[in-house]
Enquirer: 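Sharing a structure here in structure tokens format.
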Number of protein chains: 2
Amino acid sequence: MTFSPPVPRDDVDSAWLPPAAFRAVGAGRTLVRGSGLLVDTVHGEVAAACERFGGRVTRDAGDGPYDLVLELSDAAGNAGLGEEGFAVGREHGTTTVTATGERGLLYGLFHVVRLGPGVLRGERARETHRPATALRMLDHWDNVAVHPVMGQVERGYAGGSLFWADGRARGDLERVRAYGRLLAACGVNAISVNNVNVHETEAHLLTDRIGEVAAIAGALRPYGVRTHLSVSFAAPIVLGGLPTADPLDAAVRDWWAGATRRVYGVIPDFGGYVVKADSEGQPGPFAYGRSHADGANMLAAGLEPYGGTVHWRAFVYDHRQDWRDRTTDRARAAYDHFTPLDGQFAANAVLQVKHGPMDFQVREPVSPLIGAMPGTRLAVEVQATQEYTGQQRHVCWLGPMWSEVLRFRPQGDAGPAVGELARGGLVAVSNAGDDPFWTGHPLAQANLYTFGRLAWRPDADPGQVLGEWIALTHPGAPGEQAAGLRAVLEGSWRTYEKYTAPLGVGFMVQPGHHYGPSVDGYEYSPWGTYHFADRDGIGVDRSAATGTGYAAQYAKPWAEVYESPAGCPDELLLFFHHVPYGHVLRSGKTVIQHIYDTHFEGVAEVEEARRVWAGLADLVEPARHARVAQRYEEQLRSAREWRDQINSYFFRKSGVPDERGRRIY
Amino acid sequence: MTFSPPVPRDDVDSAWLPPAAFRAVGAGRTLVRGSGLLVDTVHGEVAAACERFGGRVTRDAGDGPYDLVLELSDAAGNAGLGEEGFAVGREHGTTTVTATGERGLLYGLFHVVRLGPGVLRGERARETHRPATALRMLDHWDNVAVHPVMGQVERGYAGGSLFWADGRARGDLERVRAYGRLLAACGVNAISVNNVNVHETEAHLLTDRIGEVAAIAGALRPYGVRTHLSVSFAAPIVLGGLPTADPLDAAVRDWWAGATRRVYGVIPDFGGYVVKADSEGQPGPFAYGRSHADGANMLAAGLEPYGGTVHWRAFVYDHRQDWRDRTTDRARAAYDHFTPLDGQFAANAVLQVKHGPMDFQVREPVSPLIGAMPGTRLAVEVQATQEYTGQQRHVCWLGPMWSEVLRFRPQGDAGPAVGELARGGLVAVSNAGDDPFWTGHPLAQANLYTFGRLAWRPDADPGQVLGEWIALTHPGAPGEQAAGLRAVLEGSWRTYEKYTAPLGVGFMVQPGHHYGPSVDGYEYSPWGTYHFADRDGIGVDRSAATGTGYAAQYAKPWAEVYESPAGCPDELLLFFHHVPYGHVLRSGKTVIQHIYDTHFEGVAEVEEARRVWAGLADLVEPARHARVAQRYEEQLRSAREWRDQINSYFFRKSGVPDERGRRIY
């Protein structure tokens, strides 16, 4: 019944929960009412804060008055708060947080922390808060065994894994608890603990190594975070010794039912499975002539009795495409594969769709699949780990990009936004690891925080979320510091876009590791990621009239908007159209001059951000300042490399000189 | 005193020493005269052949007559044969092989084997044979521990190492003996057993793990092959615990002297050291402000009392070049670094120079350094392992290329050939590994054999050497088989050249592993390997008048030949000059049409070779035929990929259509 939050450690950054963020709560008198595991957590959090700041906390009943009351209550006025919502208000000198579910109470506490000292002053009208979606999840692409190419964490840029090290459980459950606490404080309630590419060692987490998963689940549970597992579709063969993994085979279905029952035997609140099937070499139902609905529904059937969910990824495309074949379009693949299956997925099967049709590029249109599956629960997946956006060596705050995606309305202004269509949840590939700053680049913490907050409320203003993160992470910071942090973060995504692949064309990265420029790196590859630049022009014709027809996968008005170069937004022009270098953008510039200008501007913006950061030297904690300063050196070097390679490539190809006569090699 | 050659094994191909090659020798009566370790080998070889084919062999004296006499003799007529030469003749029904040195006798025996049954018939005027150079060496780029990127064998395409496996000695000394036997049969007399990039584990071979090297040396010794070791210039620090590796520091010199003395204590005929210093990240004398002569001479001093040699590689260049900088030219580097040191190297220090100025491309000019070091013993290094020539998945017989290099006369027709200038020896990076066929691709055995024979006699006709290899490897083969083998091998280097990087421009390979095309793969890299293609033209201006001045590193007439596009041979045009796509070659074709034509031709030639090979199905041993047939599928796939990428790239860039209207993507 007593709970102690993780003790702050010198070797781990406190991120958006520094002790000082609890100053107001910890200095006051608090009553916690209700019972349950998470109410214990709430009590323990307040008690630890009081220990530090001299306040006191009472459980269930005592002698008031109280500055803060946190209570579970089924009173009629609370109907509709659900499992995770809460209400907060202040009158007669007492701030009251009310929830009907335990998780709601925990989120209410962190809301109070977020509001800062003002929350315990004056009056405050009662407000209710509920998350837009019940599942707000982080997928960890962590390997248990170090993969010979991908390492401990696939696309990880934050040290090792929080959970696994060199084939074993890492064993630092205190760190896992601290992670769960950070997640709860930004609203994340689910986590998948291993890579969607399930290799041999990792396959065993489902069966003989489930105890290691249970230990993680136990550490996360007090913070309301449920644990999920990525599984191999071939598990009945690999682990069960069956001759097939056919999802309609009775023995296979029995095997999964039994395996799932045993999982729930040790993890009663287990969240479910994440599956990457028939994708980039992973096994799947196609091998047996079955559909993805057949595959997902079989797993869903095993999970259903226990309230679990299967997250079935829609990232299915031909990764052995012939670059000579211009009729195949990878961007079309998810829509083509999955829309025929709409309505066939079980109620506890969620189709997990990447936000764009390709693969987490700095600029993509919203996946047309998201608006085209009314009879299917969809989860939308974004990528916090910066695979294509600077790998946590560059500052690239993704809040504005995610916000644009979540606010996008696939059926036009009258229809719902992506944030509303994602009934199955919002998922981010985590950017956290065992790095002392959690995310490699200290400022990349802002991405993790922003994801959680946007998952809770997809229509939130990302700039306001950024302000929250700045204030929480640097409590008591002078305005100059906050302004500096905002200055270097707020526009960083657009800056990154400027100095990398232009106008939505994507890729142009080094093959394999995806860091740094290589304009033709994927041009003659089997991956379906081409720009088709020649001496006359560049871009992929995805129109219905003359191209691959991808634009027609959208409903109106978007199908029309994207169909013509005249209607298409500049930033997506080369995603949808092949145009001459002299094509005039809506901005009034030619494509080629836009390329030159943005690449010079992008580097200048990095130089400016580095300058601003240097000016914060006396205001930011030295270790953090030094690490960021060091990464700015690399970001600037890399941005210049991008600028010079992209500009040189297109100058050599187009022969068009820069109007402003700047240096191109 | 008795010696048995390695027993033929089912799991190891017999290469150019199948038992049947010894039929004539094994069926006759042979006398072996003389004593010594290698005379025992000669006797053992003949005895084993007699065991198989019913002949008999007598040692030193017996009752003639003999079909074959193999004798060590100091008779006056043999003066000048040296340690390795031999004389062979036949009169009165007896073929006599005479040598003054044991190795000469062994080479004489293998010469008899090579000559086939005819050698024991009729009369034969006495001929003498002596190698052109005393050192004919294979460098193995084998790692002891598996390197995380480069694997067990750096640039190895023939399975694992013959010597090392996963951190330990492989332990199959019978296989090492069989390897030594093959080497002796083609004239190779030295081997370096570990990678020139000396990593941590491998550094210890010099000291505490020298016993493992001694075991290899013991297995190779009966076949006249001396063992050498690649060492780290930083060994005094890494192994000796000294604070410096400064070659002029007395403690460092003492350390090397002591280490070398201990090596000779266990390997009395140890060949010496191979050193890659100040190259691609390896440590070297530059760190101490010393010259490469200082570094080499220090090691030479340690080796000198024991007759050992240091092979100091001249592969020194800036591998962190800025691609934007067009004044630096990697091709110039070896000449610029080493010519000022001419005359400063000790007598037992050999400067080991790659045959071309870059890195084993399919076409390079001969390194200008080779003609510019009259006061230095030079060894010329070629690459049998097909790093840039198809990685033993493509047939690419390198005999004609090596022959062109060895016959090249840096001072013009009146001067010596490269084969004569290589007083320090000829060295090949080995293409052999623990693969059952030794070389991955069975036909790549021809490269290993050809190297040995050309090292013995650099002015030999490579076509004749190829005929030897074909006859030895496939004894008793019908003429159709021999003709087929010649057809698929003889022109294979030029075929490979046709479908890969054109006109001497080099590279255009996938970065890192170097297999398959990527035209811009190294274009914006720090490696100094650029083609500078733009929409108007392509090539590197290395002229003295307007370019990097590299052409002026040659003596006349070559400096003049290479200086102008008009004088430069077509096949090197883009190595020396940047020309428009419309530039007319000496062949009468434009550069762009040449690119298209050769790429279509190259693929057609592979298709034809595959057809020829398929026709040999009933004539070639099935396992060998199947492996080659399978590799032809990959070669053809890869050749088409090269053709289409190269043609598409240059069509997109130049906009010039193919005159013949063939398909370009």
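Nothing here was measured: the structure is a model prediction, and the numbers come from that model. Protein chains get the first letters and strands the later ones, always in sequence-line order, with residue 1 at the start of each. Side-chain atoms are counted along with the backbone in the values below, which use heavy atoms only and exclude waters and symmetry mates.
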Enquirer: Side chain, backbone, both or neither: which part of B/Asp644 has a non-hydrogen atom closer than 4.5 Å to chain A?
Expert: both
Enquirer: For chain B, which residues from residues 650-665 of chain A have at least one heavy atom closer than 4.5 Å to it?
Expert: A/Arg652, A/Lys653, A/Ser654, A/Gly655, A/Tyr665
Enquirer: Does anything in residues 594-606 of chain B get under 4.5 Å of chain A by heavy atoms, and if so which residues?
Expert: none
Enquirer: For residues 502-518 of chain A, give me every residue with a non-hydrogen atom less than 4.5 Å from any non-hydrogen atom of chain B.
Expert: none
Enquirer: Taking all heavy atoms of A/Glu641 and all of B/Tyr524, pick out the closest pair and write down the distance.
Expert: OE2-O, 3.7 Å
Enquirer: Looking at residues at least two apart in the chain, or sitting in another chain, which of them share a salt bridge (charged side-chain N to carboxylate O under 4.0 Å, His left out) with B/Arg542?
Expert: B/Asp329
Enquirer: Indicate yes or no: at least one non-hydrogen side-chain atom of B/Gln645 is less than 4.5 angstrom from one of A/Trp323.
Expert: yes
Enquirer: For B/Arg168, look at atom CZ and say whether over 12 heavy atoms of other residues, nucleotides or ligands are found less than 6.0 Å away.
Expert: no
